[in-house]
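Take a look at the structure below.
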Amino acid sequence: MSGSDQVWTVLSMLEWATDYFKKRNVPDPRLSIEWIVAEALGCKRLDLYLQFERPLSSKELNKIRPLVKRRAAYEPLQYITGTAQFMDATISVNPDVLIPRIETEQLVDLLLEHFNDKKKENLNLLDIGTGSGCIPIAIKQKNPQWYCAGFDLSENAVQQAQKNAELNEVDVDFFQGNILELDTLHDTRQKSWDIIISNPPYITENEKSEMHKQVTEHEPSLALFHEKPMTLYSSIISFAASQNAALYLECNDKTAENVLQRTRGQFPHSRLFKDLDGNPRFVVSPPQ
Ligand code: GLN
């Protein structure tokens with residue numbers, strides 16, 4: 001991308017950058033440059049296919065260049081474009097919050113399915129460790145009758161979640177809180193909770209080396225890692241038991257069996273569900 005008198009077209013940019021990203025082991029090389037060019041041109045990604053021969057102006061190239069550099073440094077696409085999609089919600093993301101994952105959509109789908117006949121009831125739902133707020137926002141969109149809330153340890157995440165509720169025009173109550181201090185929650189919000197959902201930080205630091213730089217160097221450590229994830233799960237499980245709430249937990253294949261056993265200690269009918277790749281990922285105690 002150096003020759004200054006070269007005429008760049010949409011297609012030649014897509015081809016050059018795909019190759020450049022591939023050489024650097026950037027995940028999703030073609031998709032990455034498509035998002036970047038679409039962002040710079042202010043069009044939809046698929047619209048690029050209708051204008052392959054369109055020349056790129058120097059103003060457009062000046063927008064594209066820094067974005068290509070950021071992506072080559074493994075910055076996730078969603079941080080570069082500033083948004084992620086989670087179910088029907090558009091979620092604004094920055095490095096203060098975890099990028100919503102497709103597996104988490106599966107957990108939310110399970111919950112919605114189990115509560116399909118309770119849409120009209122006045123239920124209280126709490127998301128523990130809410131990050132961007134994607135979970136309660138997406139649920140509130142589908143069940144406007146429910147009171148949905150979420151809290152996070154990070155003040156910046158809480159602010160981002162509040163911004164996302166406004167962006168999606170839903171009323172969700174976000175506040176700061178600590179997973180290990182759930183007994184103080186009643187002082188903050190005078191509620192009893194019918195449904196508790198959480199995707200807590202469940203990765204231990206020694207698993208970090210197995211992970212891609214795209215995640216470890218850019219997403220917030222606070223959202224990903226914890227020295228003792230089981231202490232977080234135990235706290236959430238006891239709290240859910242004190243509320244007699246239905247419980248929806250995300251975990252990974254390393255923690256799943258342990259989380260299931262602990263959940264069964266309080267909720268004997270709990271079940272383990274697998275993600276689309278067949279990995280055990282969700283421990284659920286459905287409504288009785
Ligand atoms: N609840 C948010 C999500 O699932 C954030 C989770 C987290 O920060 N660990 O994306």
Side-chain angles (χ1 to χ4, degrees), residues 76-79 82-112 125-142 148-165 167-168 170 172-180 182 193 195-205 207-208 211 214-216 218-233 235-236 239-240 247-252 254-256 259 273 275-276 279 281-284:
L77 268 180
Q78 292 90 335
Y79 289 154
T83 54
Q85 199 65 30
F86 186 80
M87 310 197 68
D88 291 339
T90 300
I91 300 294
S92 160
V93 289
N94 63 28
D96 286 325
V97 296
L98 194 78
I99 296 166
R101 302 294 202 267
I102 200 149
E103 290 81 3
T104 310
E105 289 189 331
Q106 262 182 276
L107 181 66
V108 172
D109 271 335
L110 275 172
L111 187 158
L112 294 172
L125 173 138
L126 177 65
D127 177 31
I128 295 183
T130 200
S132 64
C134 59
I135 295 177
I137 290 172
I139 294 176
K140 182 75 180 180
Q141 283 181 325
K142 308 253 183 211
C148 294
F151 74 80
D152 203 280
L153 190 58
S154 152
E155 277 290 357
N156 289 348
V158 173
Q159 278 177 22
Q160 193 64 20
Q162 282 161 342
K163 228 173 98 178
N164 279 321
L167 186 69
N168 288 279
V170 288
V172 177
D173 179 15
F174 289 112
F175 54 97
Q176 204 268 341
N178 187 336
I179 302 185
L180 295 173
L182 293 173
W193 305 97
I195 312 170
I196 289 173
I197 182 165
S198 183
N199 175 23
Y202 52 66
I203 306 169
T204 53
E205 286 280 345
E207 293 168 69
K208 201 171 180 172
M211 297 169 72
Q214 170 169 280
V215 178
T216 54
H218 294 279
E219 294 197 80
S221 297
L222 195 64
L224 293 165
F225 301 106
H226 197 272
E227 225 179 300
K228 293 182 183 151
M230 290 316 296
T231 59
L232 303 179
Y233 286 111
S235 174
I236 298 167
F239 182 67
L247 179 62
Y248 292 79
L249 295 171
E250 186 167 328
C251 45
N252 65 3
K254 297 200 176 63
T255 49
V259 175
F273 289 86
D275 67 13
L276 296 171
N279 299 315
R281 289 297 290 271
F282 314 111
V283 172
V284 171

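Order of listing sets the numbers, starting from 1, for every ligand and every atom in it.
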Looking only at distance, does I135 have an N or O less than 3.5 Å from an N or O of ligand 1? no
Does the [X] side chain pair with the main chain of [Y], one donor and one acceptor, at a distance under 3.5 Å?
X: E219; Y: L98; value: no
X: Q159; Y: N156; value: no
X: S235; Y: I179; value: yes
X: Q78; Y: T83; value: no
X: N94; Y: D96; value: yes

Shortest heavy-atom approach to atom 1 (N) of ligand 1 - which of G129, G150, G133: G129
Heavy-atom nearest neighbour in the protein, as seen from [atom], with distance rounded to 0.1 Å:
atom: atom 2 (C) of ligand 1; answer: T130 O, 3.3 Å
atom: atom 6 (C) of ligand 1; answer: N199 O, 3.3 Å
atom: atom 8 (O) of ligand 1; answer: A223 CB, 3.2 Å
atom: atom 10 (O) of ligand 1; answer: C134 SG, 3.5 Å

With backbone taken as N, CA, C and O and side chain as the heavy atoms from C-beta onward, which portion of [X] lies under 4.0 Å from ligand 1: side chain, backbone, both, or neither?
X: L224; answer: neither
X: T104; answer: side chain
X: S132; answer: neither

Test side chain to side chain contact (heavy atoms under 4.5 Å, CB included), reference V108, set N199, D127, I197, output is I197
Are D275 and Q106 close enough that a side-chain donor and a side-chain acceptor fall under 3.5 Å? no
